[in-house]
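Notes follow the structure.
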Amino acid sequence: MGSNDVPSIVNPLHPSVVDKVDPIFAEIYNRYQAPQLRADQVPYEIYNTDRPKYTFPTNKVCAEAPEVASDTIYKIPVSDPPGEIAVQVYVPTPDAIASGGLEHGGLLPAYVNYHGGGFVIGGLESDVSFCRNVCQRAGIIIVNVDYRMAPEYPHPVSATDSWQALKWTFENAEKLKIDRSRVGVGGLSAGGCIAAVLALLARDEPGIPDLAVQLLIVPVIDARYIPTEGSCDPAKTPYKSYIDFEFAPMLPLNRLVWFYNLWLGTDGSREEKVKDFRASPIVAESHSNLAPAVIRLAEIDPLVSEGVAYHEKLTAAGTPSKLKIYKGQGHPFGHWDGANPTAKEFISDCIGELKAAFAKK
């Protein structure tokens with residue numbers, strides 16, 4: 001702390017973005033992130049010894065999490081490699097079910113949520129406010145998945161765990177009172193990548209009902225162009241936002257480098273891993289006949305260009321996709337709905353889109 005207990009600034013907004021960031025986003029950033037180091041600014045081993053020290057205090061800026069009827073945690077087996085993961089199932093209260101109007105024959109739609117964190121950080125606690133608010137305000141069941149992460153479990157474990165969790169949801173639908181014909185997937189950042197991958201897998205899996213929606217929030221879509229160190233070469237990347245927003249708040253390029261090195265490695269095998277659609281869903285052979293997509297992006301985010309590219313890829317293949325970019329916002333803005341009006345708008349948008357998707361089925 002400096003004089004008069006004013007925190008010293010170690011991560012000021014970069015000059016390249018300071019005039020582009022929404023003032024309220026900037027105020028939150030300056031209060032909570034500017035005074036502290038991010039995880040990617042220290043070696044993973046240092047971060048891992050004191051994770052809270054390098055973690056943004058989302059609980060100070062997210063909306064209050066409402067009470068739900070139940071929030072049971074289940075342990076489910078996974079096989080590659082053998083182990084188990086947790087999923088937390090949020091069930092809305094009877095009043096929320098009644099007001100949501102989506103109960104059919106005693107069954108509810110389910111949204112299967114995959115948290116963000118670069119395939120390295122996060123867990124069931126990451127999206128508590130989002131899950132509880134969507135559960136109650138939409139009147140739907142939320143299945144929140146705690147997949148295993150890198151570096152202990154590198155690519156493709158996050159994808160294979162998540163796929164098994166989705167199949168578990170369908171297998172246990174009757175017990176959970178879930179309508180198998182009204183299941184959607186989604187997630188933020190790394191979770192958005194996972195959701196896009198699962199939509200591809202589900203399309204091609206016999207016995208899996210058509211998904212109702214894929215909600216892709218500031219998603220990772222293409223892992224091929226993030227370097228193992230340094231900056232991107234403008235001549236070699238198709239994504240302008242990697243260049244324009246190299247120093248974006250909360251998710252600068254250096255943070256992507258840190259995440260991807262842990263997730264995909266830095267050895268000779270990385271070149272093949274990034275061409276796997278489970279890391280880069282944009283490279284899948286076909287994007288037709290997929291669940292309708294809802295893509296929500298932050299304007300001041302190095303990932304915004306690939307999110308737009310995926311929207312274009314889906315629509316060109318005949319898959320419905322709705323795109324919205326939130327002006328002046330940085331990557332994790334959607335978690336800041338207790339203090340940021342644009343984040344409140346985003347949450348309401350998501351709830352509206354999910355209700356509409358589940359009502360159609």
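Note that the structure is a prediction, hence the values are computed from the model and not measured.
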Do you see a donor-acceptor pair shorter than 3.5 Å between the side chains of [X] and [Y]?
X    : Y    : answer
Y54  : N48  : no
H155 : D276 : yes
Y239 : D222 : yes
S321 : H311 : yes
T93  : E67  : no
E27  : Y29  : no
D301 : H331 : yes
E306 : Y225 : no
Q88  : T72  : no
T160 : R278 : no
Q136 : D95  : no

Report the distance from atom CG of L323 to atom CG of L314, rounding to the nearest 0.5 Å.
10.5 Å
Supply the atom-to-atom distance R180 CZ to L107 CG, rounded to the nearest 0.5 angstrom.
11.0 Å
Any Lys/Arg nitrogen of [X] or [Y] sitting under 4.0 Å from an Asp/Glu carboxylate oxygen of the other?
X    : Y    : value
D210 : R203 : no
D161 : R148 : yes
D50  : K53  : no
R132 : E64  : no
K327 : D22  : no
E171 : K167 : no

side-chain contact (heavy atoms from CB on, under 4.5 Å) with I178: which of T169, V89, N172, L108?
T169
Between I300 and Y326, is any pair of side-chain heavy atoms under 4.5 Å apart?
no
Looking at side-chain heavy atoms only, is the closest gap between V274 and L264 below 4.5 Å?
yes
Over 12 non-hydrogen atoms of neighbours within 6.0 angstrom of NZ in K355:
yes
Would you say K177 has more than 12 foreign heavy atoms packed within less than 6.0 Å of its NZ?
no
Closer than 3.5 angstrom, by distance alone: can the side chain of S241 be matched with the main-chain N or O of S305 as a donor-acceptor pair?
yes
